[in-house]
Amino acid sequence: MDDIFTQVREGNAFHVRVWLDNTENDLNQGDDHRFSLLHWAAREGRTNIVDMLIQRGARINATNMGDDTALHLAAGHGHRDVVVMLLHNKANINAINEHGNTPLHYACFWGFDQIAEDLVNNGALVSIANKYDEVPLDKAKPFLTKMLKDRALALGQDLSKIPFKDRSWLGYKTRSRDALLSRHPGIDIAQLQLVGHVASTHSGETWRGRWQDNDIVAKILNLVDCTLRNSRDFQEEFPRLRIFNNPNVLPVLACCNQPPNLVVISQFMPFGSLFNTLHGESGIVVDQNQALRFAIDIARGMEFLHSMEPMIPNFLLTSKHIMIDEDLTARINMADYRFTFHERGKEYNPAWMAPEAMLKKPGEINLKAADMWSFAILLWELETREVPFADLTPMEIGMKVALEGLRIKIPPGISSHMSRLIKICMNEEAGKRPRYDMVIPILEKMKQSS
């Protein structure tokens, strides 16, 4: 197959779909100028491919070397349908490129009146100045200037000029990933610039760092002794965690297999885990609507993982293993997969585990049903904002859930619909628990009525 960037530019949707179906292909990689596939699809007006890429997890606000987002390119090339699609999928409408221009600057300059109006109606500011002290209205023809100015005033915008301020040094931009991330998944640990210790857990030491201009986290597995067999198993297992084609799954980008260090590398997530978001100090306000969005994201990610053949084992669904992206998308963190040689027979998060998963041998467990029990605990956690069984130690939780019938208690404040769903997902008979494709429509209906 020809280069994937060429296929996108030329609009060959079938070839793009086939390429995306390979889970190891990274749809957020960039070309030599860090144009992502979404950049090119937006620039060329390939609406069907833009939609396909968004559905598969393309990063809406990724920037190229000139700090352009896909919205900059769609607005500057007159592709109104693409602009609308990007806006509906959380595109940053006032994103600023290296010249200080917003998408509205380009729509005005090129005379794309309808796009300019769409942008203003959706919150684009008419008074942001670029590096040359020009606001979008300075770029427009007189009739468009008047129309946009009147519309902005009607929407309550303050027309005082907002001076340009270079914020590039803050590092807020999300660059398209270097294509080498996909081509060379095994790397030398010396290539990592580890700049800050994030956490120490039973499974490993987590560090924040940089690699090929990408913000990453590196998890160094805790091992008493890293044998040759461990290294070989690690090399065999980690490629399955490189799942790049689902927006609700956070892939493993690469690994370092250099005994005694076995390192798993993934993308840095600014808000950390869902557990931190709900119980820490992330600064995110999780209202009822956001909680349901998180639940739907998690359910979609799990539905995708359950559709894989063979299914990925050794992954326990907990709020600690869900990461929150910059656009508040919940993503299942494949870096929290438990390798077959790692922490055998040890359970550190039994509060989210189905009772049968603690009583039966791995080969005897219905993994999909056990995951649904864990999802029920997550729903309870999202509704109550409480840590399940917070007053007990992990060992006490495991013993009481498995042997004494300890279960979460649903407080009166939870809606009857959510209460019923949690109970259904926690059916004591594993075979009677629903599938994720059955749960998602229920959650979406709840969201629509909330």
Side-chain angles (χ1 to χ4, degrees), residues 200-203 222 273-280 286 291 294-295 298-299 302 305-306 311-322 332-333 336-340 342-436 438-439 442-443:
S200 297
T201 66
H202 53 85
S203 61
N222 275 342
S273 69
L274 177 61
F275 186 90
N276 180 63
T277 299
L278 294 175
H279 314 300
V286 182
F294 284 154
I298 296 164
M302 291 303 296
L305 293 179
H306 280 189
M311 202 177 96
I312 294 176
N314 305 327
F315 182 85
L316 174 60
L317 179 61
T318 81
S319 57
K320 298 176 182 179
H321 301 157
I322 305 295
I332 298 165
N333 188 16
D336 286 322
Y337 162 87
R338 182 156 64 177
F339 290 88
T340 55
H342 193 215
E343 300 181 316
R344 285 181 175 175
K346 297 178 181 179
E347 300 298 345
Y348 294 93
N349 296 291
W352 287 267
M353 291 182 69
E356 72 271 12
M358 291 183 273
L359 292 169
K360 296 181 179 180
K361 296 177 181 178
E364 300 172 348
I365 301 167
N366 180 335
L367 294 177
K368 293 181 179 180
D371 283 343
M372 186 53 70
W373 179 286
S374 302
F375 183 68
I377 303 295
L378 269 174
L379 289 177
W380 178 90
E381 194 177 356
L382 284 164
E383 285 289 314
T384 64
R385 313 294 194 274
E386 295 179 12
V387 178
F389 314 119
D391 56 333
L392 300 175
T393 66
M395 181 176 288
E396 289 173 330
I397 294 169
M399 294 292 289
K400 289 178 180 292
V401 169
L403 302 174
E404 299 176 21
L406 176 67
R407 302 292 182 264
I408 54 171
K409 294 179 181 177
I410 300 176
I414 292 181
S415 75
S416 59
H417 296 298
M418 182 58 76
S419 176
R420 192 178 305 117
L421 180 59
I422 292 172
K423 289 175 182 176
I424 291 170
C425 295
M426 289 183 67
N427 195 304
E428 295 291 335
E429 292 187 46
K432 291 185 177 180
R433 294 171 202 157
R435 301 185 308 272
Y436 283 100
M438 299 164 67
V439 166
I442 297 172
L443 290 168

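Residue-environment remark: CE (Met358) exceeds the threshold of 12 foreign heavy atoms within 6.0 Å. Within a 6.0 Å sphere centred on CE of Met395, other residues, nucleotides and ligands contribute 12 heavy atoms or fewer.
Separation of atoms CG (Leu379) and CE (Met426) is listed at 10.5 Å; rounding is to 0.5 Å. Ser203 contributes atom OG, which lies 10.5 Å from atom NZ of Lys320 (distance to the nearest 0.5 angstrom). From His321, atom NE2 reaches atom CZ of Phe275 across 10.5 Å, with rounding to the nearest 0.5 Å. Between atom OG1 of residue Thr340 and atom CG of residue Asn314 there is a gap of 7.0 Å, rounded to the nearest 0.5 Å. Atom-to-atom distance recorded for Phe315:CZ and Ile332:CD1 is 6.0 Å, nearest 0.5 angstrom. For the atom pair CG of Leu367 and OG of Ser374, the computed distance is 10.5 Å after rounding to the nearest 0.5 Å.
Counting only distance, with no hydrogens or angles, the side chain of Ser419 and the backbone of Ser415 share no donor-acceptor pair below 3.5 Å. With hydrogens and angles ignored, the 3.5 Å screen pairs a side-chain donor or acceptor of His342 with a backbone N or O of Asn222.
Screening Asn349, Val387, Leu378 for a side-chain contact (heavy atoms from CB on, under 4.5 Å) involving Ser319 leaves a single residue, Leu378. Applying the salt bridge (Lys or Arg N to Asp or Glu O under 4.0 Å) test between Glu428 and each of Arg433, Lys423, Arg407 identifies Arg407 as the sole match.
Shortest non-hydrogen contact noted between Leu274 and Phe294 is CD1-CD1, 3.8 Å. Nearest heavy-atom pair, Leu382 versus Ala291, reported as atom, atom and distance to 0.1 Å: CD1-O, 3.7 Å. Across every non-hydrogen atom of Met311 and Leu305, the tightest pair is CG-O, 3.5 Å. The heavy-atom pair separating Pro434 from Met372 by the smallest distance is O-CE, 3.3 Å. When all heavy atoms of Pro350 and Pro394 are compared, the pair lying nearest together is CG-O, 3.1 Å. The heavy-atom pair separating Cys425 from Ala376 by the smallest distance is CB-CB, 3.6 Å.
Thr318 is not listed as a side-chain neighbour of Asp336, based on a closest heavy-atom distance of 4.5 Å or more. Residues Leu359 and Leu403 have side chains in contact (heavy-atom distance under 4.5 Å, counting atoms from C-beta outward).
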For Leu317 and Trp373, run side chain to side chain contact (heavy atoms under 4.5 Å, CB included): C-alpha distance rounded to whole Å, both residues' side-chain angles, the deciding distance at 0.1 Å, then the answer. CA-CA 9 Å; Leu317 179 61; Trp373 179 286; over 6 Å; no
Using the rule given for salt bridge (charged side-chain N to carboxylate O under 4.0 Å, His left out), can you reason through Glu404 versus Lys400, listing the C-alpha separation, both sets of side-chain angles and the distance that settles it, and then say yes or no? CA-CA 5 Å; Glu404 299 176 21; Lys400 289 178 180 292; 3.5 Å; yes
With side chain to side chain contact (heavy atoms under 4.5 Å, CB included) as the test, would you mind laying out the steps for Tyr348 and Leu316 before giving the verdict? CA-CA 10 Å; Tyr348 294 93; Leu316 174 60; over 6 Å; no
Please step through side chain to side chain contact (heavy atoms under 4.5 Å, CB included) for the pair Met302 and Phe375, ending with a clear verdict. CA-CA 9 Å; Met302 291 303 296; Phe375 183 68; 5.6 Å; no
His417 and Leu443: CA distance, side-chain angles, deciding distance, side chain to side chain contact (heavy atoms under 4.5 Å, CB included) verdict: CA-CA 9 Å; His417 296 298; Leu443 290 168; over 6 Å; no
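Between the side chains of Glu381 and Trp352, at least one donor N or O sits under 3.5 Å from an acceptor N or O.
For Glu386 and Lys409, the salt-bridge test fails: no basic side-chain N is under 4.0 Å from an acidic carboxylate O.
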